[in-house]
Amino acid sequence: MVSPSRHDVHRMFDRISPRYDLLNRLLSLGLDRAWRRRAVAELPRDTETPVLDLACGTGDVALAAAAAHAQRRVIGIDMAERMLTLATTKAAAQGWSDRIQFLRGDGHALPLPDESVGAVTIAFGIRNMADLDVCLGEMRRVLRRGGKAIILEFSLPQNRLLRRLHLFYIRRIVPVVGRTVSGDSYAYAYLNQTIETFPYGTAFCELMARAGFTAPQARPLNGGIVTLYTGQKP
């Protein structure tokens, strides 16, 4: 399950970082905020141990997690340095530098001790990991017992008409808009390629179960263009 293109994907995200947030809003028609809120709503109420937001990008999920509870501490980890710089700036602007820590790190070898976080979130980043089994294993390793994995990822609708419309959008519209706004001809072609080849629904739940998560669930959002996955560490 290793794709060579994914080993250096963080460099692509560094290139598009100045326009990344804008393109998220444009290409999702603003729905990305609602999807992230759904993910954050799954976080445990316990705030004694921090939350890890893996592949945190410019920090939107980490910021939303901190905003949802005044005592919650959040660690954001990503490989893209420029994205982390933007995330740090956003946290400082909102006065949360004391509760959110951003670190550069690899999802295949997280720079955290065993059982050190109460929940792990990852939004639209798991499909960029070169080895899903290793990444899921690392997520499980750093979770404490009873901790929760919360994963948002693009998927494909089951409804045939909606699926056709969605495929047309991600194949024809997204690359053009992405290239025009970001100036990167590769980044948003890569997006639809990874969406179409990524295991979703039951297939991804099976990967979570194989990694040791109990009761993995998949909840399609907006007709299945995005799926919210959850699972626990026993």
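Numbers here simply count residues along the sequence, with the first being 1.
The residues Arg25 and Asp60 are annotated as salt-bridged, a charged nitrogen and a carboxylate oxygen being separated by less than 4.0 angstrom.
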Working for salt bridge (Lys or Arg N to Asp or Glu O under 4.0 Å), residues Asp53 and Arg36: CA-CA 12 Å; Asp53 182 33; Arg36 288 178 171 88; over 6 Å; no
Intermediate values then yes/no, side chain to side chain contact (heavy atoms under 4.5 Å, CB included), Thr121 and Leu52: CA-CA 6 Å; Thr121 60; Leu52 166 63; over 6 Å; no
Full working for side chain to side chain contact (heavy atoms under 4.5 Å, CB included) between Lys148 and Glu42: CA-CA 9 Å; Lys148 194 173 186 180; Glu42 293 289 330; 2.8 Å; yes
Verdict with reasoning, Thr227 to Leu221, per side chain to side chain contact (heavy atoms under 4.5 Å, CB included): CA-CA 6 Å; Thr227 300; Leu221 307 179; over 6 Å; no
Test side chain to side chain contact (heavy atoms under 4.5 Å, CB included) applied to Glu115 and Leu143, step by step: CA-CA 5 Å; Glu115 300 189 1; Leu143 275 171; over 6 Å; no
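Here the side chain of Asp131 pairs a donor or acceptor atom with the backbone of Val134 at under 3.5 angstrom. Here the side chain of Thr214 pairs a donor or acceptor atom with the backbone of Gln232 at under 3.5 angstrom. Looking only at distances, a side-chain donor or acceptor of Arg73 sits under 3.5 Å from a matching main-chain atom of Glu48. No donor-acceptor distance shorter than 3.5 angstrom exists from the side chain of Asp184 to the backbone of Ile16, with no hydrogens or angles considered.
For the pair Ser97 and Ala92, the tightest heavy-atom approach, listed with the atom from each and the gap, is OG-CA, 3.2 Å. Nearest heavy atom pair, residue Asp78 against residue Ala55, reads OD2-C, 3.2 Å. In terms of heavy atoms, Ala149 sits closest to Phe213 at CB-CE2, 3.6 Å. In terms of heavy atoms, Ala91 sits closest to Leu63 at CA-CD2, 3.7 Å. Taking each heavy atom of Tyr169 and Pro175 in turn, the nearest pair found is O-CD, 4.5 Å. Residues Pro199 and Leu207 come closest through the heavy atom pair CG-CD1, 3.9 Å.
Screening Leu165, Ile195, Leu27, Leu191 against Ile170 for a side-chain contact (heavy atoms from CB on, under 4.5 Å) leaves a single residue, Ile195.
Ring geometry for Trp35 against Phe154 counts as perpendicular: the plane angle is over 60°, on a 0 to 90° scale with 30° as the lower cut. Under the 30°/60° scheme for interplanar angles, the aromatic rings of Tyr229 and Phe204 are found to be tilted.
In this structure, Arg179 and Tyr188 have side chains that are not in contact, with every pair of non-hydrogen atoms separated by 4.5 Å or more. Taking the side chain as every heavy atom from C-beta outward, Leu152 and Val226 approach each other to under 4.5 Å. The closest side-chain heavy-atom distance from Met129 to His108 is below 4.5 Å. Between Leu23 and Val177 there is a side-chain heavy-atom pair separated by less than 4.5 Å. Within the 4.5 Å cutoff, side-chain heavy atoms of His166 are placed close to those of Leu156. Side chains of Pro157 and Ile225 form a contact here, defined as non-hydrogen atoms less than 4.5 Å apart. Contact of the Val74 side chain with the Pro50 side chain is not registered, since no non-hydrogen atoms from C-beta on lie closer than 4.5 Å. The shortest side-chain heavy-atom distance between Arg140 and Val120 does not fall under the 4.5 Å cut-off.
Listed by chain and number, the residues in a salt bridge (charged side-chain N to carboxylate O under 4.0 Å, His left out) with Asp106 amount to none (sequence neighbours excluded).
In this structure, CD in Glu138 is found 4.5 Å from CG in Leu110, a value given to the nearest 0.5 Å. Atom OG1 of Thr88 sits about 6.0 Å away from atom CG of Leu84, to the nearest 0.5 Å. Atom CE of residue Met139 and atom CG of residue Leu112 lie 12.0 Å apart, to the nearest 0.5 angstrom. Between the OG1 atom of Thr49 and the CZ atom of Arg72 there is a distance of 10.0 Å, given to the nearest 0.5 Å. The CD1 atom of Ile75 sits 11.5 Å away from atom CG of Leu54, with the distance rounded to the nearest 0.5 Å. For the atom pair Thr230 OG1 and Ile151 CD1, the distance stands at 9.0 Å (nearest 0.5 Å).
More than 12 heavy atoms of other residues, nucleotides or ligands shown are found within 6.0 angstrom of CZ on Arg141. Sparse packing is recorded around CZ of Arg172, with 12 or fewer heavy atoms of other residues, nucleotides or ligands lying under 6.0 Å away. By the neighbour-count criterion of 12 heavy atoms within 6.0 Å, atom CZ of Arg104 is densely surrounded, having more than that number from other residues, nucleotides or ligands. The environment of CZ in Arg219 is crowded: more than 12 heavy-atom neighbours from other residues, nucleotides or ligands sit within 6.0 Å. Within 6.0 Å of CZ on Arg99 lie more than 12 heavy atoms contributed by other residues, nucleotides or ligands.
In summary, the side chains of Tyr20 and Asp14 do not present any donor paired with an acceptor at a separation below 3.5 Å, with no hydrogens or angles considered. In this model, a donor atom of one side chain and an acceptor atom of the other lie less than 3.5 Å apart for Lys90 and Thr58. Between the side chains of Thr194 and Arg127, at least one donor N or O lies within less than 3.5 Å of an accepting N or O.
Follow the hydrophobic side-chain contacts under 4.5 Å out from Met83 and you never reach Ile100; the two are in separate clusters. Residues Val176 and Met12 do not share a hydrophobic cluster, clusters being chains of Ile/Leu/Val/Met/Phe/Trp/Tyr side chains in contact below 4.5 Å. Both Ile126 and Met208 belong to a common hydrophobic cluster when Ile, Leu, Val, Met, Phe, Trp and Tyr are linked at side-chain heavy-atom distances under 4.5 angstrom. In this structure, Leu103 is a member of the same hydrophobic cluster as Val117, with clusters built from ILVMFWY side-chain heavy atoms closer than 4.5 Å. With hydrophobic clusters built from ILVMFWY side chains whose heavy atoms lie under 4.5 angstrom apart, Phe168 shares a cluster with Leu26.
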